[in-house]
Novice: 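I'd like to ask some things about the structure below.
By convention here, the first residue in the shown sequence is residue 1.
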Amino acid sequence: MNSKMNTTEEKENLLLNTAADTAFEVLTNYEGSAENLREIIEKKLKDKLDKKSKSDAKLRKLQKTELEVLMELDRVCRKHNLRYYIVGGTLIGAARTGGFIPWDDDIDVSMPREDFNKLLKLKDEFSSDYFLQTHKTEKECYFFYAKLRKNGTYFGEDKFEHTGIHKGIFMDIFPLDYISDKSFIQKLCFKSFSLINAFICSKKKTSEFLYKNMSLPFIVTFRFIQCILPLPLLYGLRSLTAKLTKAFSNKKLIASLAGFHGYPKEISFFELWAEGTDIEFEGKTVRAPKEYKKLLNHMFGDYMQLPPIEERINHTVADENIIFEGVKKEDYKPKFRRKRSHRYYGVDYDIIPLKKQ
């Protein structure tokens, strides 16, 4: 414990010394009076600290709102005996400190497919303050997973601002599917799912950069297939991929096909999840995988070690695009239109602002 504290103090001292050295370099090259420069620096520093303080306060309020969403899911799942587990950064925060990672701005949970499908049929069980967002509850929604959103709020992610979907503060709910223990079948399942999902995201104009390090023949083929395949067929193929994933399994391994980390990290033994266990999170009791420490080691290695500052990232949503109350359905209307159906690597979408109605 002391060694960790010393390491933290050393890092803080190094950061402060670096800042002091930088300030001194500015001072030595400034031609005006030292007193005048000091006033300028103090004002700018105060402005930046005030801005950071306000941003930190808003992030904390966002986390508390997301906690409310999580507890609503917990209520419904416990009432109907459904298994769910906090995962990803949410689980790391619970394991480290019993709460949010300080810079995290979302909550992720996973559910075995059987329980996930049951949850989708219980959309009316949630309080009127919440909306279970799936492709079945909202026409424009294209997700393979689900989001539980809080009504009357707004979380404006850029990739959805051209759509008319519900944009309330949310948590993600990922289904877990059994998968084969044969590596070539695992790779085939993940690659097939990723390719189909790429077609869907491209058609919906919400994809990340496409074509990085891809050959021209692949790009031409991708664009041709993307144009001729209708969305309903792509949705069906994506669902079929998940069903085939289970068909080839022996129910020993489980995978999150839509998981951020992809193959092979998103594959683990189901015995690590099992019926789950209670864990403390922000003073509340929620569910985690039974052997969550082993699972975190599998996915992240030494999860107790803080990542470098440059890797402490979140959704990077502007503070003005996070609203906690008073949002109406019409506020979710598209804010702009995107011309291309693809986002090329190194070139963003062409954005056309929409006139206010």
Novice: Determine, using ring centers only, whether Phe248 and Phe184 are less than 6.0 Å apart.
Specialist: no
Novice: Do the side-chain N and O atoms of Asn250 and Tyr178 include a donor-acceptor pair separated by under 3.5 angstrom?
Specialist: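 The answer is no; no qualifying pair exists.
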Novice: Over 60° means perpendicular and under 30° means parallel, so tell me whether Phe300 and His261 are parallel, tilted or perpendicular.
Specialist: perpendicular
Novice: Given His166, which of Asn151, Thr153, Thr137 fulfils the side chain to side chain contact (heavy atoms under 4.5 Å, CB included) condition?
Specialist: Asn151
Novice: Does the structure place the NZ or CZ of Lys147 under 6.0 Å from the centre of the six-membered ring of Phe170, at an angle of no more than 45° from the ring's axis?
Specialist: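 Lys147 over Phe170 ring: yes.
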Novice: Thinking salt bridges, do Arg113 and Asp177 make one under a 4.0 Å N-O criterion?
Specialist: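 A salt bridge links Arg113 with Asp177.
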Novice: Does the gap between the ring centers of Phe144 and His135 come in under 6.0 Å?
Specialist: no
Novice: Counting only heavy atoms not in Glu320 (residues, nucleotides, ligands), do more than 12 fall under 6.0 Å from its CD?
Specialist: yes
Novice: Run the salt-bridge test on Glu275 and Arg83 with the 4.0 Å N-O cut-off and return the result as yes or no.
Specialist: yes
Novice: If we only count heavy atoms from C-beta on, is the Pro289 to Leu272 side-chain gap below 4.5 Å?
Specialist: no
Novice: Do other residues, nucleotides or ligands put more than 12 heavy atoms under 6.0 Å from the NZ atom of Lys58?
Specialist: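 Counting neighbours around NZ of Lys58, more than 12 heavy atoms of other residues, nucleotides or ligands fall under 6.0 Å, so yes.
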Novice: Check Glu330 with Lys333, please: is the shortest side-chain N to carboxylate O separation under 4.0 Å?
Specialist: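 No, Lys333 and Glu330 are not salt-bridged.
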Novice: Out of the candidates Tyr292, Phe100, Tyr85, only one should pair with Phe281 under the ring pair (Phe, Tyr, Trp, His ring centres under 6.0 Å) rule; please name it.
Specialist: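 Running ring pair (Phe, Tyr, Trp, His ring centres under 6.0 Å) over Tyr292, Phe100, Tyr85 with Phe281 returns exactly one hit, Phe100.
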Novice: May I ask you to decide whether Glu114 forms a salt bridge with Lys118, counting only side-chain N to carboxylate O separations under 4.0 Å?
Specialist: yes
Novice: Within the 3.5 Å criterion, strictly below it, is a donor on Arg60 or Gln63 matched to an acceptor on the partner's side chain?
Specialist: yes
Novice: For residues Thr163 and Tyr142, determine if any side-chain heavy atom of one lies less than 4.5 Å from a side-chain heavy atom of the other.
Specialist: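 Side chain of Thr163 against side chain of Tyr142, heavy atoms only: no contact under 4.5 Å found.
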